[in-house]
**Q** 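Supplied in structure tokens, the structure appears directly below.
Note that this is a predicted model, so its numbers are computed, not measured. As the structure lists them, so they are numbered: ligands from 1, and atoms in each ligand from 1.
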Amino acid sequence: MALKRVESIPRLLKRSPDGHKGNYGSILIIAGGRGMAGAAALCGASALRSGSGLVRVACPAEVQPTVASFEPSYMTYPLPCDGEGLVDFAASRPVLEKLVQKADVVAVGPGLGESDDVLELVRWAVESAGKPLVLDADALNALAKDVGLVDRLETPTVVTPHPGEFARLTGMTTKLAKAEREPRSAAFAARNANLVVVLKGGGTLVTDGDRVYVNTTGNPGMATGGAGDVLTGVVAAMLGQKLAAFEAAQLAVYAHGLAGDIARDDSGEVGLIAGDIADALPDAFHHGVREQEIDEEEDDVE
Ligand SMILES: NC(=O)C1=CN([C@@H]2O[C@H](COP(=O)(O)OP(=O)(O)OC[C@H]3O[C@@H](n4cnc5c(N)ncnc54)[C@H](OP(=O)(O)O)[C@@H]3O)[C@@H](O)[C@H]2O)[C@@H](O)CC1
Ligand SMILES: Nc1ncnc2c1ncn2[C@@H]1O[C@H](COP(=O)(O)OP(=O)(O)O)[C@@H](O)[C@H]1O
Ligand SMILES: [Mg+2]
């Protein structure tokens, strides 16, 4: 069956004058590992810059002070880790179970690295967390080792693979994943009604198996390490602000690309780094998403 093409951009709910941080999403980010503190920090800061009420970053204890030092506005929680500086899942589980109870959304993956424990962590997130999920990077590499987990997703879940990760998930070559992006990503999303696939790259695709959105924002300056870690935080923030998974993913890729375009207009494509995209998110939401909301409401009144 043909995919329904979606073009209109969803809006964020207007904030109530008496809104408080509990109304805009408590986000739990499980990310980071030796040498990849930055992935957790970019993700956490981006969730905040996209409107989340409260962000908690759980990361291996070895990198927790580093992650904390990047940004005072999120909270950090040290997870017991192994000798490689990666998460020790059995020892971390009690901490994570407490944290997940306080969360509206759980994002897993950036910078976690690859190990059997990361796979156990992803199994736990899918089977026991009971919250909307965003799975990226090493969470997807773990999922690729037990792809049947996808069929057991019981909460809205957005996966955000780049073509290399999508190829691992589906067992196809990166070349094929890039050549047949729409049918391949839609077929994967159709495996589970809770699943939305964001296949990244120029013209990022968002699909739930029935609908597809092709993103119009973004530029090749965003081909820079950490740009995807930023997106993970934005998707989590949109879910935390009560958008359904498809709309959350759609608005996230749109705003993320817009932030990339704002950063590019400022510094050019060559010198653009992921932190510039995170820093431009407020501008993207303020001028690109919120004003659009106001315009549309004015139109409604007329
Ligand atoms: N500051 C930090 O802490 C940062 C930490 N990070 C963390 O590093 C970890 C590893 O993640 P990663 O994505 O770098 O490695 P990996 O999955 O092997 O992907 C590379 C492979 O995929 C392919 N490929 C990628 N994009 C493609 C495209 N558009 N189109 C086509 N192919 C594409 C590419 O294929 P190639 O083109 O080279 O053949 C290559 O083989 C992860 O935890 C992440 O969160 C990073 O986020 C950086 C900042
Ligand atoms: N040529 C491009 N045009 C538009 N966006 C791009 C381009 N290259 C990369 N991006 C965006 O940058 C991000 C890169 O994500 P990813 O590959 O996961 O990076 P990382 O893992 O280093 O954070 C994605 O959102 C992707 O869509
Ligand atoms: Mg990535």
**Q** Among all protein heavy atoms, pick the one closest to atom 1 (N) of ligand 2 and tell me residue, atom and distance.
**A** Pro220 CA, 3.4 Å
**Q** So if I count the atoms of ligand 2 from 1 in the order they appear, which ones are less than 4.0 Å from some heavy atom of Ala223?
**A** 8 (N), 9 (C)
**Q** Counting only heavy atoms not in Glu97, do more than 12 sit closer than 6.0 Å to its CD atom?
**A** yes
**Q** Checking a contact table here: which protein heavy atom is nearest atom 12 (O) of ligand 2, and how many Å away?
**A** Met222 O, 3.2 Å
**Q** Just checking, Arg211 and Phe246: is the charged tip under 6.0 Å from the six-membered ring centre and within 45° of the axis?
**A** yes
**Q** Would you check whether Gly201 has a nitrogen or oxygen atom less than 3.5 angstrom from a nitrogen or oxygen atom of ligand 2?
**A** yes
**Q** Evaluate the side-chain hydrogen bond (donor to acceptor under 3.5 Å, both in side chains) criterion for residues Arg56 and Tyr77: first the C-alpha distance (whole Å), next the side-chain angles of each, then the deciding distance (0.1 Å), finally the verdict.
**A** CA-CA 7 Å; Arg56 297 183 172 91; Tyr77 296 83; 3.2 Å; yes
**Q** Charged N to carboxylate O under 4.0 angstrom, Arg93 versus Glu120?
**A** no
**Q** Using 4.0 Å as the upper bound for N to carboxylate O, is an ion pair formed by Asp104 and Lys131?
**A** no
**Q** Are any of the N/O atoms in His162 less than 3.5 Å from those in ligand 2?
**A** no
**Q** Of the side chain and backbone of Asn219, name the one, both, or neither that has a heavy atom under 4.0 Å from an atom of ligand 2.
**A** backbone
**Q** Under the criterion side chain to side chain contact (heavy atoms under 4.5 Å, CB included), which of Asp279, Asp276, Ile277 is the partner of Val230?
**A** Ile277
**Q** For ligand 2 and Thr204, I'd like to know whether there is a polar contact (N/O to N/O, distance under 3.5 Å).
**A** yes
**Q** What do you reckon, does Gly228 have a nitrogen or oxygen under 3.5 Å from a nitrogen or oxygen of ligand 2?
**A** yes
**Q** Kindly tell me which protein residues have any non-hydrogen atom under 4.0 angstrom away from an atom of ligand 1, grouped by chain and ordered by number?
**A** Met36, Gly38, Ala39, Pro110, Gly111, Ala137, Asp138, His162, Pro163, Gly164, Glu165, Arg168, Thr174, Lys178, Gly225, Gly226, Asp229
**Q** Between Glu165 and ligand 2, find which residue part has any heavy-atom pair under 4.0 Å and reply side chain, backbone, both or neither.
**A** neither
**Q** Is the shortest distance from a heavy atom of Gly226 to ligand 2 less than 4.0 Å?
**A** yes
**Q** Should the pair Arg15 and Tyr24 be classed as cation-pi, given the thresholds of under 6.0 Å to the six-membered ring centre and 45° from the axis?
**A** yes
**Q** Measure the spacing between OG of Ser267 and CG of Leu272 and express it to the nearest 0.5 Å.
**A** 4.5 Å
**Q** Might you confirm whether atom CG of Asp146 has over 12 heavy atoms from other residues, nucleotides or ligands at distances under 6.0 Å?
**A** yes
**Q** Taking C-beta and beyond as the side chain, do Glu165 and Asp136 meet within less than 4.5 Å on heavy atoms?
**A** yes
**Q** Which residue from His256, Arg264, Met36 reaches closest to atom 25 (O) of ligand 2 through any of its heavy atoms?
**A** His256
**Q** Starting from atom 18 (O) of ligand 2, find the nearest protein heavy-atom neighbour and note its residue, name and distance.
**A** Lys200 NZ, 2.7 Å
**Q** For ligand 2, which is the ligand I care about here, please tell me if Ala227 has any N or O atom under 3.5 Å from one of the ligand's N or O atoms.
**A** yes
**Q** Check each atom of ligand 2 against the heavy atoms of Gly225 and keep those under 4.0 Å away; list them by number with element.
**A** 22 (O)
**Q** Do NZ/NE/NH1/NH2 and the carboxylate oxygens of Arg34 and Glu84 come within less than 4.0 Å?
**A** no
**Q** Is any NZ, NE, NH1 or NH2 atom of the basic residue among Asp208 and Lys4 found under 4.0 Å from an Asp or Glu carboxylate oxygen of the other?
**A** no
**Q** Less than 4.0 Å between a side-chain N and a carboxylate O, is that true for Glu180 and Lys175?
**A** no
**Q** What's the shortest distance from atom 21 (O) of ligand 2 to any protein heavy atom, and which residue and atom give it?
**A** Asp229 OD1, 4.1 Å
